[in-house]
Amino acid sequence: MEKASFITNLVNLYSDELYSWANYKINNKESAEDIVQETFLAAFNAVENLKNKDQAKTWLFSILNNKIVDFYRKNGKQKIFIESEIASEKQTNSLFDSKGNWEDRVVDELWETENLLDNLNFISVLKKCTNALPNRWGEVITSKYSLDKNPADICKEFDISTSNYWQIIHRSKLQLKMCVEKNWNN
């Protein structure tokens, strides 16, 4: 009973702080709640490993941060499903020339008809397509284009390398373009 009451006490003391941190890092309420719950479950199963009970908060945050890393590893490796289709690398590579620029055949009148950011239908589709990206991808692309953060700050905030940052930006833009072209009707 000692173990259960100790963990119950930790839940009462630190669940709000753990949730706030998880929600800040993940920006998804349900996932943050799940990760906090997983943190307390892991703590319950490993409470014997806690040598100094005065450092329980630090120990819990360590478990939580590991759970957050696991969350991003799991979601970062998932493919994006847009209307039940998986966009393969082969499909997306065909959109670019050898220098990484859009192929001329891809840039068509769809993108040149009007100022797209004034078109409410386009904005709605773009938001839906951005939400279809894995959490980290959506957050990185939003940080770059909507919040106008510089790459170094984004890399630091998301604890990613520069090459990983550019890979996320590149793949996100490809997925967004394909999703918008498929789902947006003038």
Side-chain angles (χ1 to χ4, degrees), residues 1-82 86-89 92 123 126-176 179:
M1 195 62 178
E2 166 74 26
K3 179 176 167 178
S5 63
F6 178 71
I7 295 297
T8 301
N9 189 39
L10 293 180
V11 169
N12 292 332
L13 289 171
Y14 303 118
S15 59
D16 289 342
E17 288 180 72
L18 291 168
Y19 171 76
S20 293
W21 180 249
N23 195 36
Y24 168 74
K25 293 302 269 182
I26 295 172
N27 197 23
N28 180 294
K29 181 183 176 200
E30 292 80 18
S31 295
E33 290 171 348
D34 291 344
I35 287 174
V36 171
Q37 186 175 20
E38 290 172 19
T39 298
F40 283 116
L41 181 61
F44 181 81
N45 291 329
V47 74
E48 296 82 20
N49 298 334
L50 178 62
K51 302 202 182 342
N52 184 350
K53 297 201 189 274
D54 293 333
Q55 295 180 343
K57 181 178 179 180
T58 303
W59 178 66
L60 285 171
F61 270 92
S62 176
I63 295 170
L64 176 68
N65 285 328
N66 287 331
K67 296 290 181 188
I68 291 170
V69 168
D70 291 345
F71 172 83
Y72 278 120
R73 278 189 191 132
K74 177 183 166 200
N75 289 318
K77 291 180 181 177
Q78 290 178 342
K79 302 258 188 240
I80 297 177
F81 290 87
I82 299 174
I86 300 174
S88 71
E89 194 169 326
T92 57
I123 296 298
L126 182 62
K127 284 182 183 178
K128 287 178 185 173
C129 291
T130 302
N131 290 336
L133 295 171
N135 287 343
R136 178 173 265 187
W137 290 19
E139 291 171 1
V140 169
I141 204 91
T142 299
S143 293
K144 177 171 175 48
Y145 293 106
S146 296
L147 303 177
D148 202 27
K149 292 183 178 180
N150 70 45
D153 291 340
I154 295 171
C155 289
K156 193 178 293 183
E157 178 180 344
F158 291 99
D159 193 28
I160 56 176
S161 67
T162 305
S163 62
N164 191 7
Y165 165 80
W166 287 111
Q167 186 178 42
I168 289 170
I169 293 296
H170 173 75
R171 289 181 179 177
S172 297
K173 287 173 24 179
L174 291 175
Q175 296 299 323
L176 288 172
C179 178

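Predicted, not measured: the structure shown is a model, and the values here were computed from it.
Among all heavy-atom pairs drawn from Asn164 and Ile160, the shortest one is ND2-CG2, 3.7 Å. Of all the heavy atoms in Phe158 and Ser143, the pair that sits closest is CE1-OG, 3.7 Å. Summarising the geometry of Tyr19 relative to Ala32, their closest heavy-atom pair is CE1-CB, 3.7 Å, with the distance given to 0.1 Å. Leu64 and Ala22 get closest at one heavy-atom pair: CD1-CB, 4.0 Å. The two residues Pro151 and Tyr165 come nearest to each other via the heavy atoms CB-CE2, 3.5 Å. Heavy-atom minimum distance, Phe6 versus Val47: CD2-CG2, 3.6 Å.
Here the straight-line distance linking atom CZ of Phe61 with atom OG1 of Thr39 works out to 9.5 Å at 0.5 Å rounding. We find the CD1-NZ distance between Ile168 and Lys144 to be 13.0 Å, quoted to the nearest 0.5 Å. Atom CD1 in Ile35 sits 5.5 Å away from atom CZ in Phe71 (nearest 0.5 Å). In this structure, Arg171 CZ and Ile141 CD1 are separated by 13.0 Å, a value rounded to the nearest 0.5 Å. Atom OG of Ser31 and atom NZ of Lys67 lie 14.0 Å apart (nearest 0.5 Å). The CH2 atom of Trp166 sits 6.5 Å away from the CD1 atom of Ile169 when rounded to the nearest 0.5 Å.
Looking at heavy atoms from C-beta onward, Trp21 lies in side-chain contact with Ile68 at the 4.5 angstrom threshold. Looking at Cys129 and Leu133, their side chains never come closer than 4.5 Å, going by heavy atoms from C-beta outward.
Residues satisfying the side chain to side chain donor-acceptor pair (under 3.5 Å) test with Glu139, not counting sequence neighbours, are Tyr72.
More than 12 non-hydrogen atoms from other residues, nucleotides or ligands lie less than 6.0 angstrom from CG of Asn9. A 6.0 Å sphere centred on CD of Glu38 holds more than 12 heavy atoms belonging to other residues, nucleotides or ligands.
Judged by distance alone, with hydrogens and angles left aside, the side-chain atoms of Asn45 form a donor-acceptor pair with the main-chain N or O of Leu41 at under 3.5 Å. Of the possible polar contacts, none joining the Ser15 side chain to the Asn12 backbone as a donor-acceptor pair under 3.5 Å is found. The main-chain N or O of Asp16 is found under 3.5 Å from a side-chain atom of Ser20 such that the two form a donor-acceptor pair.
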Can you list the steps and then say if Thr130 with Trp137 is a side chain to side chain contact (heavy atoms under 4.5 Å, CB included)? CA-CA 9 Å; Thr130 302; Trp137 290 19; over 6 Å; no

